[in-house]
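Worksheet: one structure, shown below.
Both ligands and their constituent atoms are indexed starting at 1 by order of listing. Quick note: residue numbers are just sequence positions, from 1.
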Amino acid sequence: MSTKELRLTHLEDDRDKVVIAGPCALESIQQLPEIIRQFQAEGIKIDRLPIWKPRTVPGWDGLGFTGLPYIFAATLPNGLIPALEVLCSEHAQLIVDCLRGYSDDVPILVWIGARNQNHWVQNRIAQILAPKKNIFLMFKNQMWDDEKHWLGIFAHLLAAGFPKERLLSCHRGFSPGKMPNPKGYRNLPDFEMAMRLKKQMGIPILLDPSHMGGSRENVLEICHLARDFDFDGYMVEVHLNPAEAFTDSLQQLSLDEFLQLAEFMDISGLKKAA
Ligand code: PEP
Ligand code: MN
């Protein structure tokens, strides 16, 4: 499998995007069928459904492993691609174990988040996931602004034996620290750096406008700004009822807002892929 499998299947054109949408976190098993139903009806093929949540301050940190068999049962037999974050090697192993009995035909997207910068842990995750040929591994940029470190994550994952054809990266911005931040972005983009690294690494690079923006207005603005850059796709937080979301409620788009954005971002082929 190659990252082409993650693109909307009906599109042959390389310009077409990897689109990952879904809530900041899956909040209950009861919520799952409705998310799947509404997203599938709109042609969203890669469902963001994290169950392990790193948090800035302690709080609800995800459903945990309990959710995993339900996620796989709701997505994989329907040809939908689940996408979720792992924080440690134990999570990676649980994913591999839980996939027993499923065909290897449907891709799964796993990512390493910005806060997870212990290379030893990253290596272990990569080693555990590498043998499963339908698992794609995405790594976000780290929290702090450092091009060399971002490139270093890539080098570590390759050194751990994870094949380049199944690696993606994701720009989620850098912690503003004392940088000027007039719009109050949660994390500041460096689109030029992302494009330089895309070229250097030779893998697809997605944009996460949600964790950059921190608010719906900022998410939309960032997507507008990013349109001039050659991102290979987007991971956007979309909640069926953002006001009630357990986490990151201010930055999650409603499904309608996301569909409007998708139209603007030229990923309106979503519907046709359903
Ligand atoms: C996330 O995507 O759920 C997340 C925690 O984001 P980040 O790793 O970018 O902080
Ligand atoms: Mn979030």
Side-chain angles (χ1 to χ4, degrees), residues 18-27 31 35 46-64 67-68 71 81-88 91-92 95 108-119 121-122 125 136-146 149-150 153-154 157 168-177 185-191 193-194 197 205-216 218-220 222-223 226 231 233-255 257-258:
V18 178
V19 182
I20 309 168
C24 178
L26 176 65
E27 294 161 355
Q31 211 178 48
I35 297 175
I46 313 182
D47 296 326
R48 184 191 147 102
L49 294 165
I51 49 175
W52 295 295
K53 285 301 307 157
R55 299 295 306 273
T56 307
V57 289
W60 183 80
D61 60 1
L63 267 185
L68 199 56
I71 290 175
I81 302 171
L84 73 165
E85 176 169 356
V86 293
L87 283 85
C88 56
H91 295 167
I95 288 180
I108 289 136
L109 193 118
V110 173
W111 78 84
I112 294 175
R115 298 142 203 264
N116 194 351
Q117 292 309 318
N118 180 324
H119 293 316
V121 173
Q122 294 172 343
I125 291 170
F136 291 81
L137 182 58
M138 181 165 84
F139 55 100
K140 289 188 166 194
N141 66 260
Q142 72 289 344
M143 309 262 302
W144 63 96
D145 184 347
D146 181 345
H149 183 96
W150 190 355
I153 309 169
F154 175 62
L157 298 177
L168 304 96
S169 193
C170 177
H171 187 31
R172 52 75 85 194
F174 300 113
S175 185
Y185 286 177
R186 185 170 171 186
N187 291 289
L188 297 173
D190 186 336
F191 299 129
M193 185 196 292
L197 287 184
I205 178 152
L206 275 55
L207 180 75
D208 172 349
S210 305
H211 293 90
M212 266 175 195
S215 72
R216 268 190 282 290
N218 285 347
V219 170
L220 300 178
I222 287 163
C223 285
F231 284 98
Y234 307 93
M235 176 157 78
V236 183
E237 288 190 339
V238 181
H239 194 285
L240 296 184
N241 185 0
E244 301 283 312
F246 289 7
T247 52
D248 287 350
S249 98
L250 297 177
Q251 73 193 27
Q252 300 206 56
L253 304 184
S254 67
L255 185 52
E257 286 169 331
F258 174 69

Less than 4.5 Å apart, side chain to side chain, heavy atoms only: is that true for [X] and [Y]?
| X | Y | answer |
| --- | --- | --- |
| N187 | S175 | yes |
| T56 | R115 | yes |
| I222 | F191 | yes |
| F258 | E237 | no |
| M193 | D145 | yes |

Point to revise | Close N or O approach (A114, ligand 1; < 3.5 Å) | key: yes
Exercise for review: Kindly confirm or rule out an N or O of E237 lying under 3.5 angstrom from an N or O of ligand 1.
Suggested key: no
Heavy-atom contacts with [X] under 4.0 Å: which atoms of ligand 1 show up? List them by number with element.
| X | answer |
| --- | --- |
| K140 | 1 (C), 2 (O), 4 (C), 6 (O), 7 (P), 8 (O), 9 (O) |
| G113 | 8 (O) |
| R115 | 10 (O) |
| R172 | 7 (P), 9 (O), 10 (O) |
| E85 | 1 (C), 3 (O), 4 (C), 5 (C) |

**Study point:** Closest protein heavy atom to atom 1 (C) of ligand 1, given as residue, atom name and distance to 0.1 Å
**Key:** H211 CE1, 3.4 Å
Review point. Do the rings of F139 and F154 sit parallel, tilted or perpendicular, given the 30° and 60° boundaries?
Key: parallel
Exercise for review: Calculate the angle formed at the Mn ion (ligand 2) by NE2 in H211 and OE2 in E237; 10° precision is enough.
Suggested key: 90°
Check your understanding: Contact between K53 and ligand 1, counting heavy atoms under 4.0 Å?
Key -> yes
Check your understanding: Any idea which part of R48 is under 4.0 Å from ligand 1, heavy-atom wise: side chain, backbone, both or neither?
Key -> side chain
**Study point:** Ionic contact status for K53 with D248, cut-off 4.0 Å
**Key:** no
Exercise for review: Check salt bridge (Lys or Arg N to Asp or Glu O under 4.0 Å) between E85 and all other residues, then give those that pass, not counting sequence neighbours.
Suggested key: none
Check your understanding: Which is the closest N/O/S atom of D248 when seen from the Mn ion (ligand 2)?
Key -> OD2
